[in-house]
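Written out below as structure tokens is the structure these notes cover.
Chain A is the first sequence line, chain B the second, and so forth, proteins listed ahead of strands; every chain is numbered from 1.
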There are 2 protein chains.
Amino acid sequence: MTATATREETGHEAPSARQQAVLDAVLALLVEEGDQLTMDAVARRASCSKETLYKWFGDRDGLLTATVRWQASRVHAGRDAGGPLDAETLRERLLDFAVSWLDVIAGRTSVVLNRIAIAHAGSRKGNLGAIVLANGRLAIGARVKPVLEAGRAAGLLAFDDGETAFRTFFGLVGRDIQIRLLLGDALELDAAEIRRDAARAVDQFLALYGQARP
Amino acid sequence: MTATATREETGHEAPSARQQAVLDAVLALLVEEGDQLTMDAVARRASCSKETLYKWFGDRDGLLTATVRWQASRVHAGRDAGGPLDAETLRERLLDFAVSWLDVIAGRTSVVLNRIAIAHAGSRKGNLGAIVLANGRLAIGARVKPVLEAGRAAGLLAFDDGETAFRTFFGLVGRDIQIRLLLGDALELDAAEIRRDAARAVDQFLALYGQARP
DNA sequence: CCAGTACCGTACCGTACGGTACGCCGCTTC
DNA sequence: GAAGCGGCGTACCGTACGGTACGGTACTGG
């Protein structure tokens with residue numbers, strides 16, 4: 001249930017190679033220039049005409065939406081290896097989620113796209129925020145919760161509500177990082193620090209919800 | 001160029017009553033209309049002339065900055081009652097922080113202002129994000145950390161780094177709430193749910209960092 | 001009563017940017 | 001090689017909005 005399911009869910013056909021190049025140009029511009037993205041700049045950067053842009057994507061919002069979807073499509077989930085769950089595997093799986101989630105939100109692209117989506121949610125007609133939410137917070141939730149449930153089934157975790165447990169995990173991992181980055185804090189995380197943060201979050205989560213196998 | 005004008009440029013002087021009314025008009029407009037705030041709309045709403053707006057606040061950014069500062073000035077800290085700290089008092093203080101923090105970030109005004117600041121941080125020249133950060137995340141941190149330190153001094157908490165401990169607290173309280181609201185999620189919290197959330201966060205924090213008094 | 005100040009209302013200017021029109025080129029197809 | 005087409009480059013249009021100018025009004029001090 002990877003690429004196929006995703007496409008079916010969104011109901012949007014994948015962009016052609018040329019269109020992908022355009023969307024990559026948009027991403028590059030967003031990362032480099034901040035969010036004052038103009039259609040002229042996109043056309044220049046992507047070496048295409050504005051008319052083509054409008055033909056392909058409808059309007060500016062359509063281009064932004066396609067860009068967000070495009071970026072989301074490449075941050076596809078990690079392995080969802082099923083199988084028996086012991087304490088060590090559970091910890092590894094959670095650590096994996098925590099690391100990849102921190103990698104994503106600390107990335108320049110994610111920050112810029114979230115900024116766009118948030119600004120968009122401020123004005124009316126914004127489904128852009130919903131898209132980012134669906135591919136960020138909700139997607140990770142949908143992937144983590146089954147792991148938590150499996151952990152409970154294996155007697156490794158104890159909780160009443162999977163959603164609440166996940167949200168705690170989310171909070172322990174993300175803490176103040178995303179809001180600080182969105183607000184322009186210079187905070188930067190290297191791979192080592194991300195690993196450390198993720199490990200701490202997992203430890204704390206297991207301290208709260210873990211239980212020795214009976 | 002008078003002394004008054006200079007102080008206005010720096011934006012550090014308290015606004016007059018009339019100016020406060022203008023800033024309240026900006027806040028109302030932001031809450032009602034989303035973030036497509038125009039100087040014309042502000043002037044109309046506040047029954048003042050655009051020329052006066054520019055005279056008082058310099059430019060659009062100055063108006064926004066003054067508005068953010070104005071809002072920040074009214075979300076002034078709770079009581080910082082010193083005194084002996086027992087387990088119950090510590091829990092109360094933390095609960096207090098958690099509730100008021102959730103109250104703030106769940107508020108329409110906070111959401112809109114954060115959106116503005118985040119959008120602003122996306123373009124260059126954005127000290128607006130820094131201002132919101134200073135009056136939000138950093139302010140609450142500066143107020144909570146002494147409490148945590150006091151808790152440690154009283155033998156009620158155990159941690160190495162106060163900053164890390166606070167950030168965990170922050171994560172447990174806020175979880176995914178702020179990002180979801182910023183992205184336009186319809187999520188709404190009534191007072192009862194906020195109290196429940198805050199209590200859960202405090203319980204979890206104490207479970208992680210608390211220790212019985214020796 | 002006059003001068004000065006502070007401010008409102010409104011008309012105005014300049015520009016940036018979303019969106020459109022059009023001419024031209026290279027590619028495919030018959 | 002003519003026809004058709006997809007797409008590049010550019011010129012262009014309309015408008016929204018930031019910022020300025022200016023006339024008119026109320027109030028204060030002399």
Inset, instruction - Among dG6(D), dG18(C), dT20(D), find the nucleotide with the atom closest to the side chain of Lys55(A). - result: dG6(D)

Inset, instruction - For Phe57(B) and dG18(D), give me the distance from atom CZ to atom P, rounded to whole Å. - result: 15 Å

Legend entry - Phosphate contact (dC8(C) OP1 or OP2) by Arg18(B) side-chain N/O below 4.0 Å: yes

Legend entry - Closest to side chain of Glu51(A), choosing from dC8(D), dA6(C), dT20(D): dC8(D)

Inset, instruction - Begin with the C-alpha distance, continue with both residues' side-chain angles, and end with the deciding distance and a verdict on side chain to side chain donor-acceptor pair (under 3.5 Å) for Gln204(B) and Tyr209(A). - result: CA-CA 10 Å; Gln204(B) 290 178 327; Tyr209(A) 289 99; 3.0 Å; yes

Legend entry - Ser110(B)/Asn114(B) under side chain to side chain donor-acceptor pair (under 3.5 Å): CA gap, chis, key distance, verdict: CA-CA 6 Å; Ser110(B) 162; Asn114(B) 271 277; 3.3 Å; yes

Inset, instruction - Quickly work out the Leu63(B) CG to dC17(D) P distance and round it to whole Å. - result: 15 Å

Legend entry - Euclidean distance, atom NZ of residue Lys50(A) to atom P of dG9(D) [Å, nearest integer]: 14 Å

Inset, instruction - Please work out if Leu37(A) contacts a base, only the sugar-phosphate, or nothing of the nucleic acid, heavy-atom cut-off 4.0 Å. - result: sugar-phosphate

Legend entry - Position toward the 5' end of DNA chain C (nearest nucleotide), Met39(A) or Leu53(B): Leu53(B)

Inset, instruction - Check the side chains of Asp61(A) and His120(A) for a donor-acceptor pair under 3.5 angstrom, ignoring hydrogens and angles. - result: yes

Legend entry - Whole angstrom value for the distance that separates P of dC17(D) from CG of Asp59(B): 17 Å

Inset, instruction - Could you state the atom-to-atom distance from CZ of Arg60(A) to C1' of dA16(C) in whole Å? - result: 12 Å

Legend entry - Ring geometry between Phe170(B) and Trp101(B) (parallel below 30°, tilted from 30 to 60°, perpendicular above 60°): tilted

Inset, instruction - Calculate the interatomic distance between Gln19(B) atom CD and dC7(C) atom C1'; express it in whole Å. - result: 12 Å

Legend entry - Whole angstrom value for the distance that separates C1' of dC13(D) from OH of Tyr54(A): 13 Å

Legend entry - Side-chain heavy-atom pair Leu30(A), Val26(A) within 4.5 angstrom cut-off: yes

Legend entry - Nucleotide nearest Thr52(B) when distance is taken to its side chain, options dG19(C), dC8(C), dG19(D): dC8(C)

Legend entry - Among dC8(C), dC17(C), dG19(D), the nucleotide that comes nearest once only the side chain of Thr38(A) is considered: dC17(C)

Legend entry - dC17(D) phosphate, OP1 or OP2, under 4.0 Å from Arg44(B) side-chain N/O: no

Legend entry - Candidate nucleotides dG9(D), dG19(D), dC8(C), ranked by approach to the side chain of Ser49(A) - the nearest: dG9(D)

Inset, instruction - Could you tell me whether the phosphate oxygens of dA6(C), OP1 or OP2, come under 4.0 Å of any side-chain nitrogen or oxygen in Trp56(B)? - result: no

Legend entry - Distance in angstrom units between Leu64(B) CG and dG18(D) C1', rounded: 13 Å

